[in-house]
Amino acid sequence: MKTAKPMLSPVEAVKICLTQKYCTFKGRARRSEFWWFNLCYGILMSIPSIALQMLLSWKLAQRSALESQIYDAVFDNDKMAALQAQAEAVDATFETWMPILCIILFVVWLLTLLPAWGVAVRRLHDIGKSGWSLLIAIIPIIGSIILLIWEVKDSDQNANQYGESPKYEEVNV
């Protein structure tokens, strides 16, 4: 008789994907491993992305505020020079932080790309599909829906061409 093992925790899933199976495209991955890793991956990618959005919004707000003050200072050279200095400071801050945040985002993406692909391929293996089935996502809308249905499907209880089920184990009664 086969029985299901307990669901993986988020920490276990991320640990498996980033350490034990960093660049592994063979074998099988449970739903909990796939979904917990992808949730953490999404959060991790969101942090620098949100920081970039905030930086851009800050720059636009600062520049807008300065531009509205420029109309009041058209005939006041001292005030105009001060506003110009503030605008240059805003631009300098933006030009300093923008590349740093872009580099952080790129490095995080680069370091997690192979584990993300690996767990997606292993998840498809868990339901008996080839890793090449990921390419179905190329088909607009329908491909993504089909892939999502496959990703939420329960594991095959029995061994398949990709190995034993990581979720189910044989229990002697």
Side-chain angles (χ1 to χ4, degrees), residues 1-60 92-171:
M1 180 176 150
K2 295 220 178 216
T3 182
K5 296 177 188 175
M7 182 173 77
L8 294 174
S9 72
V11 173
E12 290 172 317
V14 171
K15 184 178 176 186
I16 287 170
C17 291
L18 292 181
T19 59
Q20 298 169 7
K21 297 180 179 180
Y22 183 81
C23 190
T24 303
F25 294 88
K26 294 181 181 179
R28 296 168 62 169
R30 299 174 59 177
R31 279 185 299 190
S32 56
E33 179 184 342
F34 175 80
W35 288 110
W36 281 126
F37 176 78
N38 278 293
L39 175 66
C40 294
Y41 175 73
I43 291 169
L44 187 64
M45 291 299 289
S46 295
I47 294 169
S49 297
I50 290 169
L52 279 167
Q53 289 289 337
M54 290 173 60
L55 180 65
L56 184 58
S57 296
W58 172 81
K59 179 187 178 185
L60 293 174
T93 302
F94 181 79
E95 290 169 8
T96 299
W97 285 102
M98 185 68 161
I100 292 170
L101 291 171
C102 287
I103 289 169
I104 290 170
L105 184 63
F106 179 72
V107 168
V108 169
W109 174 79
L110 198 61
L111 291 175
T112 55
L113 181 64
L114 290 176
W117 283 349
V119 76
V121 167
R122 292 193 312 275
R123 178 71 202 118
L124 289 173
H125 287 174
D126 194 43
I127 61 166
K129 302 275 185 214
S130 165
W132 290 104
S133 299
L134 278 175
L135 294 176
I136 199 164
I138 293 172
I139 302 169
I141 302 170
I142 302 220
S144 297
I145 292 170
I146 292 169
L147 190 58
L148 179 64
I149 291 168
W150 288 343
E151 290 167 345
V152 298
K153 187 177 175 190
D154 194 15
S155 301
D156 288 343
Q157 287 190 13
N158 300 315
N160 63 22
Q161 68 227 38
Y162 304 105
E164 291 291 326
S165 174
K167 179 178 181 180
Y168 294 100
E169 61 187 351
E170 193 71 39
V171 176

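- We find the OG-OH distance between Ser130 and Tyr162 to be 4.5 Å, quoted to the nearest 0.5 Å.
- Atom CD of Glu151 and atom CH2 of Trp35 lie 5.0 Å apart (nearest 0.5 Å).
- For Cys102 against Leu52, the heavy-atom pair with the smallest separation is SG-CD2, 4.0 Å.
- Smallest separation of non-hydrogen atoms from Ser32 and Met7: CB-CG, 3.2 Å.
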Go through the steps to decide whether Arg28 and Asn160 satisfy the test side-chain contact (heavy atoms from CB on, under 4.5 Å), and finish with yes or no.
CA-CA 10 Å; Arg28 296 168 62 169; Asn160 63 22; 3.7 Å; yes
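- Residue Lys59 qualifies as enclosed at atom NZ: its count of foreign heavy atoms under 6.0 Å is above 12.
- Within 6.0 Å of CH2 in Trp117 there are 12 or fewer heavy atoms belonging to other residues, nucleotides or ligands.
- Here the closest non-hydrogen pair linking Gly128 and Asp156 is N-OD2, 3.6 Å.
- Taking 4.5 Å as the limit, every side-chain heavy atom of Gln157 sits out of range of all side-chain heavy atoms of Ser165.
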In sequence, state the C-alpha distance, the side-chain angles, and the governing distance for Trp36 and Val14, and then conclude on side-chain contact (heavy atoms from CB on, under 4.5 Å).
CA-CA 7 Å; Trp36 281 126; Val14 171; 5.6 Å; no
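- In this structure, Ser133 contributes its side chain and Lys129 its backbone to no donor-acceptor pair below 3.5 Å.
- We find the CD-OG1 distance between Glu169 and Thr3 to be 6.5 Å, quoted to the nearest 0.5 Å.
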What verdict does the side-chain contact (heavy atoms from CB on, under 4.5 Å) test give for Asp126 and Phe34, after you've listed the backbone C-alpha separation in whole Å, the side-chain angles of each residue and the deciding distance to 0.1 Å?
CA-CA 11 Å; Asp126 194 43; Phe34 175 80; over 6 Å; no
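- Applying the 6.0 Å contact sphere to NZ of Lys2 captures more than 12 heavy atoms from other residues, nucleotides or ligands.
- Note that CD1 of Ile136 is 7.5 Å distant from CG of Leu147, once rounded to the nearest 0.5 Å.
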One pair to check against side chain to side chain donor-acceptor pair (under 3.5 Å): Tyr168 and Asp154. What are the steps and the verdict?
CA-CA 11 Å; Tyr168 294 100; Asp154 194 15; 2.7 Å; yes
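- With rounding to the nearest 0.5 Å, the separation of CG in Leu55 from CD1 in Ile50 is 13.5 Å.
- Summarising the geometry of Val152 relative to Arg31, their closest heavy-atom pair is O-NH1, 2.9 Å, with the distance given to 0.1 Å.
- Shown are Lys167, Arg123, Arg122; of these, the side chain to side chain donor-acceptor pair (under 3.5 Å) with Glu33 is made only by Arg122.
- Nearest heavy-atom pair, Leu105 versus Pro48, reported as atom, atom and distance to 0.1 Å: CD1-CG, 3.6 Å.
- Between the CG atom in Leu124 and the NZ atom in Lys153 there is a gap of 10.5 Å [rounded to 0.5 Å].
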What do the steps show when you test Trp109 against Tyr41 for side-chain contact (heavy atoms from CB on, under 4.5 Å), and what is the final call?
CA-CA 9 Å; Trp109 174 79; Tyr41 175 73; 3.7 Å; yes
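- Taking a 6.0 Å sphere around CH2 of Trp97, one finds it holds 12 or fewer heavy atoms contributed by other residues, nucleotides or ligands.
- Crowding of Ile142 atom CD1: a count of heavy atoms from other residues, nucleotides or ligands under 6.0 Å not exceeding 12.
- Counting all heavy atoms, side chain and backbone alike, Val119 lies closest to Cys17 at CG2-SG, 3.6 Å.
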